[in-house]
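Read the structure below first, then the notes.
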Amino acid sequence: MAYIQVNKKVSTTGRTYIRVAVTPKSAEGKSMLRQFVAGVKDFETKWKATAAAKKDRLAREARAKKRAAKKAGKKTGKKKAARKK
């Protein structure tokens, strides 16, 4: 029988640190630990991909908003210049 001890620590920077200890060092415990590590890596990959996708989406929206504002500014700028003459 393998015993798993999980210690979780959340720091002030928002990072979560997880320390896992499996005792005794049996084949069963080692396989459980490998499964856990693989699951954490998979979760981390998905988490980073989600954050990157959100960042890209926000950047695209900001660029579109900036272009729309620039287009609107050009249209009004021409009318103002025509009025001055």
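Note that the coordinates shown come from a computational prediction; the quantities given were computed from them, not determined experimentally.
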Set out, in order, the CA-CA distance, both residues' side-chain angles and the distance that settles salt bridge (charged side-chain N to carboxylate O under 4.0 Å, His left out) for D56 and R60, then state yes or no.
CA-CA 6 Å; D56 290 344; R60 276 195 312 273; 5.4 Å; no
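With rounding to the nearest 0.5 Å, the separation of OG1 in T45 from NZ in K41 is 9.0 Å. K55 contributes atom NZ, which lies 14.5 Å from atom OG1 of T50 (distance to the nearest 0.5 angstrom).
Side-chain contacts under 4.5 Å among hydrophobic residues (ILVMFWY), followed directly or transitively, place F43 together with W47.
For R57, the side chain to side chain donor-acceptor pair (under 3.5 Å) test picks out E61, with sequence neighbours left out.
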